[in-house]
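Given the structure is predicted, the values throughout are model-derived calculations rather than measurements.
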Amino acid sequence: VTAVRPLLALALLVAAQGRVAAQGVIVRGERLGAVDSTPPRPDGDLAVSADTPQARGGPRSVVLLIFAVPAALAGDTGVTYEVIPSGRMQFLGPLRGEVPATANGDRVIALTVRVPAQTPAGREVVGRIRFFVAGQPRVDVMCAIDVPRLQRASLVLERRVFAAHTGERITLNYRLTNSGNALDTIDLRIAAPERWGRGGGVAVRHILVGGDAVPGSATVSIPHAASTGSNQLQVSLRDASGELGMADAVIEVVDGGTSQAGAARLLTSIASVLGDTTPATPVFGFEFEGPVAGAGAVRGYGRLVQAVDPRHINVRGLSRVGLFPGTSFLAINGARWRLTAGSASQMFTDITGVNLWGRGAAFTYDGARWTTASLLARPIVFSDSGRSGYLVAGQLGRRIGDGMVHATLSSADDPQSNRRLDALGLGGTGPTFRNGLQFSGEVAARRFASGTGLGWLGEATQQYAGRLLFVRYSHAAGGSAAFAPALDMFTASLAERVTDRLAVASALWISRDASPTFRRLHSSGWSGGPQFALTPTTTVEFEVRGSAFDAEGAAGAIGSSELLARIGAISRRGDYFVTGSVAAGQASRSLAAPGGAMIDAFAARFLVRGTLGRSTSTGVFEAAASYEQNGVGIGLLPRQYVLTLHAGAVPVPLGPFGLVVSADVQRYNWFGIRPAATVLRAAVRLPLPDDFTVTVDVERNPLYLTPGGGGSWNTALKLEHSLALPLARLRTSARGSVYEDRNDNGLRDAGEPGLAGVLLRRGNETAITDAAGRFHFLARADEPTRIDESSLPFGLVANTTPATAGRGRQLEIGVIPTAPVTVRLVPTGDSSQAAPQGSLAKARVFVRDQAGNLWSARPDSGGFATLYALPPGHYRVEIDLTELLTPLILRGPLPEFTVESGHDVPIISVPLLPRPVRMFDPNNPGRNRGQRGGGRQ
Amino acid sequence: MLARAMLAGIVIAGCKTPVDCSGLPPVRVLGAWSYSATQSSPTTANLAGALEITGQCGSTLSGTLDVTETDAQGSRRRMGTVSGLAVDSVTVDFDVFLATVGRRHLGRIAGDSIRGTWIEPGDVGTASGSFVAVRVP
C-alpha cells in the first residue's frame with residue numbers, strides 16, 4: 001500500500017489538474033477513501049471488500065476512479081476483473097480486464113464513470129468491481145460517487161414587454177425550473193423602478209426538487225404617479241446561496257387610460273427665493289399644454305412667469321426651479337400650422353433676416369404643397385432709445401417634388417441696437433440626387449441703415465453612406481447691423497465613417513463683419529481629427545483645432561488666437577462610463593490701443609480633463625476633474641483646477657410617492673492667484689397627493705457676489721400643482737380591435753377572441769387593448785397603426801397582411817397563433833452500410849408554406865431542428881446537407897405537414913442515409929455524376 | 001507649428017507658471033465695480049450686475065463678474081471668472097468666462113469708470129457690444 005500511494009497521488013494529481021475537454025466533457029477525478037488492507041471475508045466463494053473507493057463528481061462530468069486491487073488477492077498471479085454497473089451512472093470503456101502480476105503485489109486499475117445531468121446530490125452507488133483469481137474467492141469492491149449539491153435555477157418569462165396604464169396591474173407569467181440537483185427554496189423577486197416607491201417590489205417563494213419546473217405568475221401594480229414610457233422590471237432568482245439567475249421585462253406605461261388623460265394640463269406654481277441680494281417675493285408661474293379644440297386636433301402650449309414685485313426677481317434661484325421670467329407666450333398649433341402670440345420669433349434666411357425676436361405674433365403653415373411663415377412684432381425694449389421699432393416679415397414657399405422655391409419679404413427696425421433691414425429674397429432648394437446631394441440658394445435685395453446691396457447664399461448638403469457634408473457661403477450686405485449673422489460667412493463640415501471602427505470629422509468657419517461697436521471684425525475657426533473605436537465600448541479620438549479673431553473699433557484693435565491638439569478617450573462598461581483627455585497648444589493675444597499701449601503675447605496652454613460616472617435607474621453619479629495651466633500674458637489665469645462631484649435624479653423611496661434628490665459639490669482653485677471657492681448645491685423634489693409637488697433647491701456659491709462678500713446660501717422654494725382642463729371634447733380618431741386570427745384568413749370570424757394588453761403605436765400616440773381586445777387613438781395621424789410585437793404573448797405573431805377596416809370603420813388587426821414544429825434528422829444504415837456517424841449540426845432544415853415563405857433552423861447534435869413559431873398552414877420540409885463533413889443523402893419524398901391552431905404537430909423524422917460508395921471511372925465521366933453528398937431538395 | 005505648440009504645452013506642464021508681480025501696477029483696479037453692458041450683435045441684450053476685481057498682481061488682474069442678462073428670450077443670471085491685464089494707466093484688457101470661450105473686454109479708464117467694447121467669437125456669429133463699469137465707493 002505504501003508503495004502504491006505515490007502512484008495514486010501522481011494519478012490523482014494528473015486527474016485533478018488535468019481538466020481535459022473532450023467533446024464538451026470535463027474529465028476530473030478525485031479519490032477520497034483509503035485502501036483498506038483487511039483481508040476479504042469468505043462468503044461462499046464471494047467476499048465483499050471493505051475497500052470502497054469514492055470519488056466526487058458533479059452532474060454532466062466524467063469521473064476518473066483509481067483504486068487498488070484488494071490486497072487479499074495474491075500479487076503473484078494475474079487478476080481478472082469485471083465491472084457490474086448499478087444505478088443510473090454509466091461506466092465508460094471496457095467492462096472487463098486483467099491486471100498482470102507484479103513483483104510486490106501492488107496493483108491499481110482505473111475506470112471512468114459518466115455522471116448524468118440530473119443526478120441528485122448525495123452519495124450514489126455506481127456499481128461493483130468483481131475480481132477473479134484462479135483458486136481464490138471472488139472479491140467484490142463497491143464503487144460510489146459523491147455528487148455535490150448544485151444550486152441552479154432558470155426562468156422563462158412568457159412575455160418580456162407589457163403595456164398598461166398608470167394605476168393598473170400587470171400579471172407576469174413565468175416558468176421556473178430548478179436546474180440544480182437538490183431540493184431548493186427559490187425566491188423570485190421583481191424589482192420595479194425605484195421611483196415607483198416601496199410598493200413596486202414583488203416576491204414569490206417556490207420550493208422545488210432538482211429538475212422540477214413550475215409555472216407561476218406575479219402581479220405588479222403601476223402607481224398613479226408613474227411616468228409614461230418604458231420602465232424596466234428586474235426579475236431575480238435567489239436561494240440561500242445567493243443569486244441564481246435574472247431576467248428583464250419592460251412595462252410600457254401609456255397615458256390615455258383614464259377619463260382625464262389626453263386633456264390639457266395647467267401647471268401652476270408659486271416660488272420664492274430666500275437669501276442672496278434680493279428680498280423674498282413670490283413669483284407665479286403658469287404653464288399650459290394640451291388639446292384645446294377640434295376634438296384634440298388643435299393643441300395649445302403657453303407659459304407665463306409673473307412676479308408680484310417685478311423689481312425684485314432673483315433669476316438665479318428661480319432658474320434652478322425651472323422658472324424663467326420674461327418669456328411669456330401662448331402657441332396654438334394644428335397638424336400643419338402654428339400660431340404664437342406674446343414672445344414671438346421667426347427665422348428666415350441669413351440674407352432676409354435672422355434673430356427676429358419681439359413681442360407680437362408669428363404664424364407658420366407647412367402644407368403638402370405650400371408653406372408660409374410670417375412675423376408681426378415689436379422688438380423687446382431693454383433700454384429707452386426713443387423709438388420702439390418693428391419686425392414685419394413673410395415668406396411663401398411652394399414644394400416641387402422634394403425641392404422648393406420660396407419668396408421672402410422682410411422689414412425690420414430695431415433702434416435699440418441700430419439694426420435695420422428691408423429685404424426681398426427669392427430662393428429655392430433643388431431635388432435630392434441619388435448620392436444624397438442637395439443644393440439650395442437664394443438672392444436678395446437688401447436695404448439697410450447705411451445703404452443698399454445684394455445678398456446671396458449657396459448651400460450644399462449630402463447625407464449618404466456614412467457621410468454627412470455641409471457647405472454654405474453667404475454674403476449679406478449690411479452684415480449683422482442688418483439682421484444677418486455676418487457680412488460674409490463660410491461654413492463647412494464633414495463627418496465620414498471610413499470603416500466600422502474609424503470615423504473622421506472636420507469643420508471650418510470664417511466670417512467677416514462690421515458692427516456698431518467694431519468697424520472691422522474677422523473671425524475663423526477650424527477643427528478636425530479621427531475617432532477610432534478600439535472596442536464596441538471604448539473610443540479614442542484625436543483632434544486639432546484652432547480659432548482666431550481680430551477686431552478694430554473706437555477702443556483700439558484687438559486680436560486673439562488659439563491652437564490646441566487634444567487626445568481623448570471615452571469608455572462605457574455596463575452602467576459605468578469614463579472619459580479622459582489631454583490637450584496642449586498655444587494662445588496669442590494682441591492689442592493696439594489708441595493711447596499707444598501694445599500687447600503682442602504668445603504662450604502655451606495645457607489642459608487635462610477626466611470624468612468617471614455611473615448612470616442607472618437609481619440615479620446618475622459622476623466625479624470629474626480638470627486642470628489647466630496657461631502661460632503669461634494671454635489673458636488667462638496661470639493655473640486652475642476644478643473638482644466636481646454630482647449625484648442626480650436619485651430616487652429615495654420615502655413616503656407614499658417617494659422623492660427625488662440631486663446634489664453637487666464643485667471645488668475651484670487658482671493656486672493663490674485668487675481665493676479658492678467651493679460651490680454646494682442640493683435639491684429635493686417631493687410629490688404630494690392630489691398632483692401637488694414641492695421642490696426645494698439650496699445653493700451656496702461664493703463666486704456670486706453678495707453685499708456681505710463671500711458666499712451665502714440661496715434657497716429656492718416652489719410649490720406646483722397640475723390640473724387637468726377638459727377644454728376640448730376629445731373624439732376618437734381611430735378605433736379597432738386586436739384578435740386571434742386562428743385560421744389565418746385575415747378576417748375576424750366567429751369564435752376568434754380579442755387579445756388584451758397588446759401595445760399599439762400610431763404616430764406619436766400609443767394605445768393598449770382592453771380585455772376585449774379593443775383600442776382607440778385620439779390624435780389624427782397619417783401613419784398606419786401597428787402592433788408592437790414584443791408585447792404579444794409567446795407563440796403569437798402579427799399578421800403581415802394589412803389591417804382591415806371592419807364595420808363602422810373599425811380596424812381589425814389579426815394576430816396569428818403559431819406552433820413549434822420539430823424535424824428530426826435520423827442517420828440510418830442501409831443493407832450495405834451501417835448508420836453513419838458524425839455531427840449533423842451543419843445541416844439546415846427548411847420548411848416552406850404554400851405562399852413560398854421559408855423558415856429555417858439548424859439541428860442540434862442529436863439531429864433535432866425546432867422551428868418555434870410556425871403560423872397555421874401547410875408546409876413542405878426541405879433539407880440542405882451540403883455543408884456536412886460526412887456525406888449523407890436523402891431518399892424518397894420529403895414529408896409535408898399542416899399546422900392548425902390549437903393542435904400540436906408530432907416530431908417529423910427524416911432518415912439520412914450513407915452515400916453509396918462508387919469508384920471513380922476516368923473513362924466514363926458520365927457515371928461519376930451525383931457522387932457528392934445530398935443537396936437541398 | 002503644431003509640434004511647437006505641443007512642445008510648449010509639455011514644457012509649461014512641467015514647471016510652475018510664473019505670475020508677473022514685478023513692478024508697480026500701471027493702475028489699481030482692485031475692488032467692486034457696478035457693471036452694465038449692451039449686446040448689439042448678432043442679437044440685442046442687456047447685462048447688469050457687479051464686477052469685482054479680487055486680485056491684482058502687477059499688471060495681472062483676476063476677479064468675478066456676476067450679471068443678470070436680459071434678452072428677447074428672458075432673463076438669466078450669469079457668472080464668470082475674470083482674468084486679464086492692466087495694459088497701461090488708462091487701458092484694461094480682460095476676459096470674462098461666462099462660457100468656455102472668453103468674452104474679451106477692452107476698456108479705457110476715466111476717473112472712477114471704465115468704458116469700452118467687448119467681443120465673443122463664435123461659429124454662428126460673433127457677439128459684440130459695449131460696457132461701462134463704475135467703481136462702487
Side-chain angles (χ1 to χ4, degrees), chain A residues 313 315-316 319 324-327 343 345 355 357-358 380 382-383 414 416-418 480 485-486 509 511 513 515-518 521 523 525 544 547 549 551 553 555-556 558 560 563 565 584-586 591 593 595 597 599 604-606 629-632 635-639 673-675 703-705, chain B residues 1-2 4-6 8-13 17-20 32 38 40-46 50 52 54-55 57 62-64 66 68 70-77 79 81 83-85 87-88 90-91 93-95 102 104 106-108 116-117 119 121 123-126 128-130:
Chain A
I313 298 179
V315 292
R316 168 188 165 198
S319 66
F324 300 92
T327 55
S343 180
S345 71
N355 299 316
W357 278 91
I380 294 172
F382 311 121
S383 58
D414 183 2
Q416 184 175 233
S417 60
N418 294 321
S480 60
W509 56 271
S511 78
D513 195 24
S515 73
T517 45
F518 292 99
L521 204 168
S523 61
V544 183
S547 62
F549 80 87
I558 55 175
S560 293
L563 177 64
Q586 66 177 34
L591 164 69
I599 293 177
R605 298 195 67 196
F606 177 74
Q629 191 163 324
N630 304 298
V632 180
L636 302 170
L637 290 175
R639 287 194 293 163
I673 296 296
R674 51 171 297 162
L703 297 174
Y704 282 111
L705 303 175
Chain B
M1 182 75 168
L2 180 61
R4 183 181 159 201
M6 293 196 73
I10 292 165
V11 169
I12 201 171
T17 303
V19 177
D20 182 13
T38 58
S40 55
S41 172
T43 57
T44 53
N46 263 17
E52 191 161 291
T54 54
C57 188
S62 65
T64 302
D66 176 5
T68 298
T70 306
D71 64 9
Q73 299 174 58
S75 298
R76 68 197 68 84
R77 191 160 172 185
M79 177 274 299
T81 57
S83 64
L85 301 165
V87 182
D88 58 22
V90 293
T91 310
D93 177 10
F94 60 90
D95 282 293
R104 188 165 170 186
L106 179 60
R108 192 167 180 82
T117 54
I119 184 169
D123 57 351
V124 289
T126 296
S128 63
S130 57

- Can you tell me how far CD1 of A:Ile380 sits from OG1 of B:Thr43, rounded to the nearest 0.5 angstrom? 10.5 Å

- Heavy atoms only, distances under 4.5 angstrom: which of A:Pro675, A:Ser480, A:Pro325 has the most pairs with chain B? Name it, please. A:Pro325

- Message: Checking side-chain polar atoms at under 3.5 Å, does A:Ser523 have a donor or acceptor matched by the opposite partner on B:Thr126?
- Response: yes

- What's the spacing between A:Leu637 CG and B:Thr81 OG1 if we round to 0.5 Å? 6.0 Å

- Task: Count the heavy-atom pairs under 4.5 Å between each of B:Thr70, B:Thr68, B:Thr91 and chain A, then report the option with the highest count.
- Result: B:Thr70

- Closest heavy-atom contact between B:Thr44 and A:Gln416? OG1-NE2, 4.0 Å

- When A:Gly358, A:Ser560, A:Ala486 are compared by non-hydrogen pairs under 4.5 Å with chain B, the top option: A:Ser560

- Task: Could you list the residues that satisfy salt bridge (charged side-chain N to carboxylate O under 4.0 Å, His left out) with B:Asp88, not counting sequence neighbours?
- Result: none

- Task: Can you tell which part of A:Asn418 gets under 4.5 Å to a heavy atom of chain B, answering side chain, backbone, both or neither?
- Result: neither

- Nearest heavy-atom pair of B:Ser40 and A:Thr517: which atoms, and what distance? OG-OG1, 4.1 Å

- Query: In terms of heavy-atom proximity below 4.5 Å to chain A, should B:Leu85 be classed as side chain, backbone, both, or neither?
  - Reply: side chain

- Tell me, for B:Ser128 versus chain A, whether the close heavy atoms (under 4.5 Å) come from the side chain, the backbone, both or neither. both

- Note on the structure: Whatever's closer than 4.5 Å to a heavy atom in chain B on A:Leu636 counts as both

- Does any heavy atom of chain A fall under 4.5 Å from the side chain of B:Ala45, the backbone, both, or neither of them? backbone

- Message: Quick one, A:Ile313 and B:Ser75 - any side-chain contact, counting heavy atoms below 4.5 Å?
- Response: no

- When rounded to the nearest 0.5 angstrom, what distance separates OG in B:Ser83 from CG in A:Asn630? 8.0 Å

- Query: Which atom pair, heavy atoms only, marks the closest approach of B:Arg104 to A:Leu591?
  - Reply: NH2-CB, 4.0 Å

- B:Arg108 versus chain A, heavy atoms under 4.5 Å apart: side chain, backbone, both or neither? side chain

